[in-house]
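Residue numbers begin at 1 in each chain, while the letters A, B, ... track the order of the sequences. In what follows, every heavy atom counts, from backbone to side chain, and hydrogens, waters and symmetry copies are set aside.
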Amino acid sequence: METALSLVVGCLFAVSLYLLLSKHIIRMLLGVVLLSNAVNLLIFAAGRVSSIAPPLVPEGAEAPLAAVANPLPQALILTAIVIAFSFFAFLLVLAYRAYQDLGTDDTDEMRVAEPEDDGLPPLGY
Amino acid sequence: MMHGALAPSDYLVIAPVAICLLFGAALLMMRKRIDWQPWLAIPGFLLLFAADVLLLLKVAAEGPQTMMMGNWKPPFGIAFTVDMLGALFVTTAGFVGVASAIYATFSMSRTERRYGFFPFMFLMMGGVSGAFLTGDIFNLYVWFEVLLMGSFGLLILGSEREQLDGATKYCFLNLVATTLFLITTGYLYGVVGTLNMADIAQKAARLENDGAVLTIAVLYLVAFGMKAAAFPLNFWLPASYHTPRFVVSALFAGLLTKVGVYALIRVLLMLFPPQHADLATLISWVAALTMLVGAFGALAQSDMRRLLNYFVIAGIGTIFAGLALTGGEGGASATVSAASAATQAGGTAPMTGMAAAAAPLVPGSDSLVIGLSGAVFYALHSIVIMTALYLAAGTAARISGSSSLRAMGGLWRARPGLAALMLVFLFAVSGLPPFSGFWPKVILVRGAFQAGMPWLGAVILLTGFLMTVASARVFALAFWRNAPEPAVAGGPNAGFAPAGEPSPMLAMLPLLILAVFAVVAGVLPQWLVALTDVAARGIVDPAGYVGSVFGGVS
C-alpha cells in the first residue's frame, strides 16, 4: 500500500514542480494546489498504512492494548489541508488582482517593483 | 514537564503567543474604532515585551521550561519548550515590536488601519513568538504559516502596483519554502516516528548517519535557507521588501528572515549534529556567497530601501558563517571561549587583532559553540538594527519626499538628530565599533580563524568593508550633501512612494529606543555574550532541553 502511495506522491510532485516552473501565474497556482495535495499524501504514507482498528484507549489503560491505526497523520493532514486551502484562496485573489493591475500573468513581465532600467547609483556629488 | 496544578508563572511559556492572539482578536473587533486601536495596541506590545523579559529571566534562572498543551504526557501532544535561544529571540522580537507599534501609530493612515494593520501585526508577532517557543516540529510549521498569513496581509496593505508585484513573488516563494518544510517533516516523521523535538534529538542520535537522514537534513537546510534568504534562494527578498509601508518592511527585515535562521539552528544543529558536520563546508560556501551577494547588491542600488534589502541578505550570510564553524577536534584544544572577547570589551586596552588568543582556555568550549554564540549575537543585533534602519529610512524618505538616493539630500542640515541616529545604525550594520555589530563580528572572525577557515573570516571582513562603503554612500548622498535640484527629485527615479510616514519628531522615539540597544550592546557586550554563550551550549548539548520535556523520567 505504501509503495503505491509513494508512486502517486512522486507523480504528483513531478507534475506540480513542472507547473511551478512555468512563467504563468495561473499554472503556478495549479502547481501549488497539486503540491499541497502531494504533501498530504506523503504524510499519510509516512505514518504507515497498517491496522484498521480505531485508536481507542480502554478505560483505565494508558495506551491502546492492541495494534491500532495511526491517528496522528490524519490530524497533521487535516491541519495542512486547512492551511493549504486558505493560502490557495489568498493566492487566487492576489493573482487576479495582480493580473488586473499589472495587465499580465507572465512573471517575466512583472517588473514594476524591480524596474529593469534602474541605472547605476550616483557615484559622487 | 509539569504535573498537577500550574503556578501562574508557568503560564509565561505561552504568554507571548496568548497575548498576541488575544490582542489581535480584540483589535479585530474594534475595526470601527480605528482611533482607539493604537492605544490598545501599544499597551499590548508593552505587555508582550514584559512577558518576554520575565520569561527570559525565568529561563536564565531555572533553565529550559516546558509546558505540555492539554497536560498530555510527552512525547505525545504539543510541547512548548523555551530554552535560552528561544527566549533571547522572542525577547528581541518583542523589543522591536514595541518600537514598530509606536512608529506605526504615527505613520499608518486611517485607511490602512481600517484594513487591519494592527490585527495583522499582532497575528504576525504571534506566529513569530510561537515559532521561537514551540518544542514540536509540526507545530513550528503551523507557526510559520501563521506568521506568513499575517505577513501577506501586511505586505499588500495599500494595494499598489509595486506591492501586488512584490507580493506575488513573496507569496509563491515563501509558500513553496514552507511546503518544503512540511514535506521534510513528513519524511522525518516516517523515519523517527515522533514530532517532539526533544524526542527527535534523542532518537536521531541513535540513528545511523545514512542517506535518509542526510536527505532530511539537506531538505531542512534548503527550506530554512529559503526562508532566511540565503544565496542562491534569496531572490524573493529584494523583489518584495521595499514595496510595503516602511514600518512593515522594518518588521519583515528584522523578524521574518531571522525566524528561518532560528529554525535552522534549532533543527540542523540541535537535532542533526552529525549531518550538520557533514554539511558544514556547504554552509560555509553558502555563507560566503550570501555575504558577497548582499554586499555587492547593496553597492549597486540607487534606492535607499532596496539597498537595505541587500543589507538584510549580507547579515544573513554573516549569521550563516557562524553556523559553518564546526568544532574540528584538532582545533578544539587551541580555542578560547567567546566570553573572552567580551572581557576585553570591559578593559580600555585597544583592540590589537588576535592578541586575545592569549586569553585563558575555557574547557569544553570549541569552535562550534563560539561560532553559534557569535551567530546568535549577530542575529539579535540584526533584528534590532535592520528594523531601526528601515524606520529611519522611512523618516528620511518622508522628509525628502523620496527614498531614491538621486533625489535625497540635505538631511544633515534639516534634521541633525535623525542624521546622528542614522549614522549610529549605519555604523552598527557595517560592524564598526563602538556599536552592536562589532562584537559578534569579532567573535565570528576569530572563530573562523580558530576553526581553520581563515578565508571565511576574510570574507566577513571584506563584507564589512563593502557594507561600510555602501553605508557611507547612503550617508553622503542622503544626509551630507546639499539637497539636489527639484528637477531631479521629480524625475523618473523618484523611488517608491514614501506616503504616510510619521512626523519626524514623533518618529524619533522608537529610533531612540532601538539606538539604546545598539549602544548598550556595543559598549557593554559581556552580559549579552554570556547569554548567547548559554544559548549556544544549550543547542550543542541539548540535555537541559530534553530533561525539561521529559522531566528526568525519560
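Interface residue B/R481: backbone and side-chain heavy atoms are both found under 4.5 Å from chain A. Looking at A/L29, the atoms closer than 4.5 Å to chain B (heavy atoms on both sides) sit in the backbone and in the side chain alike. Contacts of A/L91 with chain B are made by side-chain atoms alone, with heavy-atom separations under 4.5 Å and no backbone atom involved. Contacts between A/F13 and chain B at a heavy-atom distance below 4.5 Å involve the side chain alone, from C-beta outward. Heavy atoms closer than 4.5 Å to chain A are found in the backbone of B/A300, but not in its side chain. Using a 4.5 Å cut-off between heavy atoms, B/L307 makes no contact with chain A at all. In this structure, no portion of B/L188 lies under 4.5 Å from any heavy atom of chain A. There is no contact between B/T178 and chain A, counting heavy-atom distances below 4.5 Å.
Classified by interplanar angle (parallel below 30°, tilted 30° to 60°, perpendicular above 60°), the ring pair A/F87/B/F152 is perpendicular.
By the neighbour-count criterion of 12 heavy atoms within 6.0 Å, atom CZ of B/F76 is sparsely surrounded, having that number or fewer from other residues, nucleotides or ligands. In A/Y99, the OH atom is not crowded: 12 or fewer heavy atoms of neighbouring residues, nucleotides or ligands sit closer than 6.0 Å. Taking a 6.0 Å sphere around CZ of A/R111, one finds it holds more than 12 heavy atoms contributed by other residues, nucleotides or ligands.
Pairing each heavy atom of B/C171 with each of A/F90, the nearest pair is SG-CE2, 3.8 Å. In plain terms, the two heavy atoms of B/L164 and A/R97 that are nearest each other are CD1-O, 3.8 Å. Nearest heavy atoms, A/A98 versus B/T168: CB-OG1, 3.8 Å. Shown here for B/G186 and A/A46, the closest heavy-atom pair between the two residues is O-CB, 3.2 Å. Summarising the geometry of A/A113 relative to B/T243, their closest heavy-atom pair is CB-CG2, 3.7 Å, with the distance given to 0.1 Å.
Here CG of A/L76 is found 9.5 Å from OG1 of B/T185. Values are rounded to the nearest 0.5 Å.
In terms of modelled atom types and a separation under 3.5 Å, the side chain of B/K73 and the main chain of A/E62 share no donor-acceptor contact. Listed for the B/H242 side chain is no donor-acceptor partner under 3.5 Å among the backbone atoms of A/E114. Although no hydrogens or angles enter the test, the distance criterion places a donor-acceptor pair under 3.5 Å between the side chain of A/R48 and the main chain of B/G190. Side chain of B/R161 to backbone of A/D101: a donor-acceptor contact under 3.5 angstrom is found.
Looking at heavy atoms from C-beta onward, B/Y141 lies out of side-chain contact with A/T79 at the 4.5 angstrom threshold. Counting heavy atoms from C-beta on, the side chains of A/I25 and B/F172 come closer than 4.5 Å. In this structure, A/I83 and B/L182 have side chains that are not in contact, with every pair of non-hydrogen atoms separated by 4.5 Å or more. The shortest side-chain heavy-atom distance between B/F138 and A/L72 does not fall under the 4.5 Å cut-off. Between B/L175 and A/L35, the closest side-chain pair of non-hydrogen atoms is not below 4.5 Å.
Put simply, of B/S240, B/P238, B/G409, the one with the most heavy-atom pairs under 4.5 Å next to chain A is B/P238.
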